[in-house]
S.K.: 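The structure that follows is given in the form of structure tokens.
Note on naming: letters A, B, ... go to the chains in the order of the sequence lines (proteins, then strands), and numbering restarts at 1 for each one. These numbers come from a predicted model, not from an experiment.
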Number of protein chains: 2
Amino acid sequence: MTTRHIALLAYPAMTALDLIGPHHILSMIPNVCVHLVAKTLNPIISDLGLMITPSITFDDCPLQVEVLFAPGGTRGTLEAMEDEATLAFMRSRGQQARWVTSVCTGSLILGAAGLLQGRRATSHWVTRDLLSRFGAIPVAQRVVRDEHILTGAGVTAGLDFALTLAAEISGTAHAHKIQLVAEYDPEPPFDAGSPERAGQETTQALREMLAPFLAAATQTADRWRPSASF
Amino acid sequence: MTTRHIALLAYPAMTALDLIGPHHILSMIPNVCVHLVAKTLNPIISDLGLMITPSITFDDCPLQVEVLFAPGGTRGTLEAMEDEATLAFMRSRGQQARWVTSVCTGSLILGAAGLLQGRRATSHWVTRDLLSRFGAIPVAQRVVRDEHILTGAGVTAGLDFALTLAAEISGTAHAHKIQLVAEYDPEPPFDAGSPERAGQETTQALREMLAPFLAAATQTADRWRPSASF
């Protein structure tokens, strides 16, 4: 059996958990080689201060990958959405990848690379509607599949997303083993994980906290034009 | 308000998700300084190949920490359980910490440091019963609190554990905000997250896969003697 290459994009100020959740699950698929792909091999500082070193550069990443994945973040994601080298990498691998995927605001990077045009997709609840600026159809679901495009909602949706993807690649029986070894039988101590469940006060407080980011993301999205190559 | 120091132990071949899940949640508590503490500042390679750089050494970590935390792993955890520098660090901070905590097999490190004697605690389902070798009382729950000792079950229990801890430190209303911004409203695509739910075939396959690790962990535990300082 040939090795399946899984390319996880990494960039400054990304949200590490967006990446590490899927990294954990996808690394347990048989015969995979999981790459942390970045512009250089210099250590990357995440939005919460973790220092993580990429394993391969854009240039050295295999051309044919089974999975292309973009994690989210806040300001770092907006920079990635307008970084030509990042977009060129995402386009080149995205056009050939078996699966084009993201978690959280990572779908904005897929959108900026032109990979979501006409596709149903999701994002963090705060940025979900922005997907339409990239020609995508926003869907309020935790994991959304449109053919080979698989996107997850905010941060922790990475686990549900990655288990779904693992089952597609290695079968349900193997995905069950991955779930059991990760003991993924969640019991959140509170029921505040979505705007509907968290209630108006909590949701409004977060909307206010995230308003500057959403405004900046909207400006970034407004500058976007479909690439000539699509 | 004074800064609360949160000390997350890091060691070679740890399971990165054990650490990064709690790191994400606990970093959102107001007025915290979250440290990745290790023997040296050299990059650490996780059990699945991630390269993560610690932020502070054992020697430089503040003496008084709000939270002391140990992530799990497999072979790397067994080495940490017998590493004198690691155990000395865990003992010195553990004796003064407001909260002594772990996820997955990290509780075996707490046990080896003598911090669980007479305490109710949990671990990954494969290693849970081993806790009794360290004088602890194994409890089959996802998150177990015994006074200032808070332990979580396998890998993904880190999210439930950390939200529980965040609420203890910063209050329930703030924990709700953390949960909402992380969109932690889990929807596992399968129901195989515990031995009871995964069924006999899946569980048996994993028990066989993990048997060499469990045998090695049992040997390590059998060599343990309570330290004179406890």
S.K.: Is the side chain of A:H124 donor-acceptor paired with the backbone N or O of B:V181 at a distance under 3.5 Å, no angle test?
M.R.: yes
S.K.: Let me confirm one number: the CD1-OG1 distance from A:I109 to A:T86, rounded to the nearest 0.5 Å.
M.R.: 7.5 Å
S.K.: Examine whether an atom of A:P54 lies under 4.5 Å from a heavy atom of chain B, and if so say whether it belongs to the side chain, the backbone or both; otherwise answer neither.
M.R.: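 For A:P54, there is no contact with chain B at all, as no heavy atom is under 4.5 Å.
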S.K.: Could you go step by step and tell me if B:L130 and B:L214 meet the side chain to side chain contact (heavy atoms under 4.5 Å, CB included) rule?
M.R.: CA-CA 9 Å; B:L130 277 184; B:L214 182 58; 4.1 Å; yes
S.K.: Between chain B and each of A:H24, A:E183, A:E201, count heavy-atom pairs under 4.5 Å; write down the option with the most.
M.R.: A:E183
S.K.: Side chain, backbone, both or neither: which part of A:I44 has an atom under 4.5 Å from a heavy atom of chain B?
M.R.: neither
S.K.: Checking heavy atoms, do the side chain of A:A182, its backbone, both or neither come under 4.5 Å from chain B?
M.R.: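 Both parts, heavy atoms under 4.5 Å.
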S.K.: With a 4.5 Å cut-off on heavy-atom pairs, point out which of B:G199, B:S55, B:S27 contacts chain A the most.
M.R.: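 When all of B:G199, B:S55, B:S27 are compared, B:S27 has the most.
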S.K.: Given heavy-atom pairs under 4.5 angstrom as the criterion, report whether the side chain, backbone, both or neither of B:A198 touches chain A.
M.R.: side chain
S.K.: Considering heavy atoms only, which positions within residues 186-194 of chain A lie below 4.5 Å of chain B?
M.R.: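 Answer by number: A:P186, A:E187, A:P188, A:P189, A:F190, A:D191, A:A192, A:G193, A:S194.
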S.K.: When rounded to the nearest 0.5 angstrom, what distance separates OG1 in B:T74 from CZ in B:F213?
M.R.: 5.5 Å
S.K.: Counting heavy-atom pairs closer than 4.5 Å to chain B, which one of A:L206, A:V126, A:I52, A:L210 comes out on top?
M.R.: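 Ranked by heavy-atom pairs under 4.5 Å with chain B, first place is A:L206.
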S.K.: Any idea which of A:R142, A:R197, A:M209, A:K177 has the most non-hydrogen atom pairs under 4.5 angstrom with chain B?
M.R.: A:R142
S.K.: To the nearest 0.5 Å, what is the distance between CD1 (A:I178) and OG1 (B:T202)?
M.R.: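 These two atoms lie 11.5 Å from each other.
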S.K.: How long is the gap from NE2 on A:H148 to CG on A:L68, to the nearest 0.5 Å?
M.R.: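 Those atoms lie 9.5 Å apart.
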S.K.: How would you list, in number order, the residues of residues 167-175 of chain A that have a heavy atom less than 4.5 Å from chain B?
M.R.: A:A167, A:T172, A:A175
S.K.: Are B:Y11 and B:F89, when compared by the centres of their aromatic rings, separated by less than 6.0 Å?
M.R.: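 No; B:F89 has its ring centre 6.0 Å or more from that of B:Y11.
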S.K.: Just how far is it from atom CG of A:L150 to atom CG of A:L165, taken to the nearest 0.5 Å?
M.R.: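 Here the interatomic distance stands at 5.5 Å.
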S.K.: Does any backbone or side-chain atom of A:A205 lie under 4.5 Å from a heavy atom of chain B? Answer side chain, backbone, both or neither.
M.R.: side chain
S.K.: In terms of heavy-atom proximity below 4.5 Å to chain A, should B:L159 be classed as side chain, backbone, both, or neither?
M.R.: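 Side chain only.
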S.K.: For side chain to side chain contact (heavy atoms under 4.5 Å, CB included), just list the numbers for A:W125 and B:L180, CA-CA rounded to whole Å, side-chain angles, deciding distance to a tenth of an Å, and then say yes or no.
M.R.: CA-CA 9 Å; A:W125 58 269; B:L180 181 54; 3.5 Å; yes
S.K.: A:T203 versus chain B, heavy atoms under 4.5 Å apart: side chain, backbone, both or neither?
M.R.: both
S.K.: Is there a donor-acceptor pair closer than 3.5 Å between any side-chain N or O of A:T122 and the backbone N or O of A:Q141?
M.R.: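 Flag set: sc A:T122 to bb A:Q141 pair under 3.5 Å.
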S.K.: Without swapping roles, check the side chain of A:E66 against the backbone of A:R98 for a donor-acceptor pair under 3.5 Å.
M.R.: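 No.
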S.K.: Measure distances from A:L48 to the heavy atoms of chain B and classify the residue's part below 4.5 Å as side chain, backbone, both or neither.
M.R.: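 Contact with chain B involves both backbone and side-chain atoms of A:L48.
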S.K.: Kindly write out the residues that satisfy salt bridge (charged side-chain N to carboxylate O under 4.0 Å, His left out) with A:R119, not counting sequence neighbours, or none if the list is empty.
M.R.: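 Here the qualifying residues are A:D146, A:E147.
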S.K.: Does B:R93 use its side chain to pair, donor to acceptor, with the backbone of B:V67 at less than 3.5 Å?
M.R.: no
S.K.: Could you measure the distance from the OG1 atom of B:T127 to the CG atom of B:L78? Nearest 0.5 Å is fine.
M.R.: 9.5 Å
S.K.: Among residues 28-42 of chain A, which residues come closer than 4.5 Å to chain B, judged by heavy atom distances?
M.R.: A:M28, A:L36
S.K.: With a 4.5 angstrom heavy-atom cut-off, which part of B:L163 approaches chain A: side chain, backbone, both or neither?
M.R.: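 Both backbone and side chain.
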S.K.: Tell me the closest heavy-atom pair linking A:P71 and A:M14, and the distance in Å.
M.R.: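 Closest approach of A:P71 to A:M14, heavy atoms only: CG-SD, 4.1 Å.
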S.K.: Flag the pair A:F69 / A:V103 as yes when at least one side-chain heavy-atom distance between them is below 4.5 Å, and no otherwise.
M.R.: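 A:F69 reaches A:V103 side chain to side chain.
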S.K.: Whether the side chain of B:D47 engages the backbone of B:G73 through a donor-acceptor N/O pair (distance < 3.5 Å, no angle test) should be reported.
M.R.: no
S.K.: Give a yes or no on whether the backbone of B:D60 and the side-chain of B:T57 come within a donor-acceptor separation of less than 3.5 Å.
M.R.: yes
S.K.: Does the side chain to side chain contact (heavy atoms under 4.5 Å, CB included) test come out yes or no for A:L9 and A:F58, once each step is laid out?
M.R.: CA-CA 9 Å; A:L9 175 69; A:F58 290 160; 3.6 Å; yes
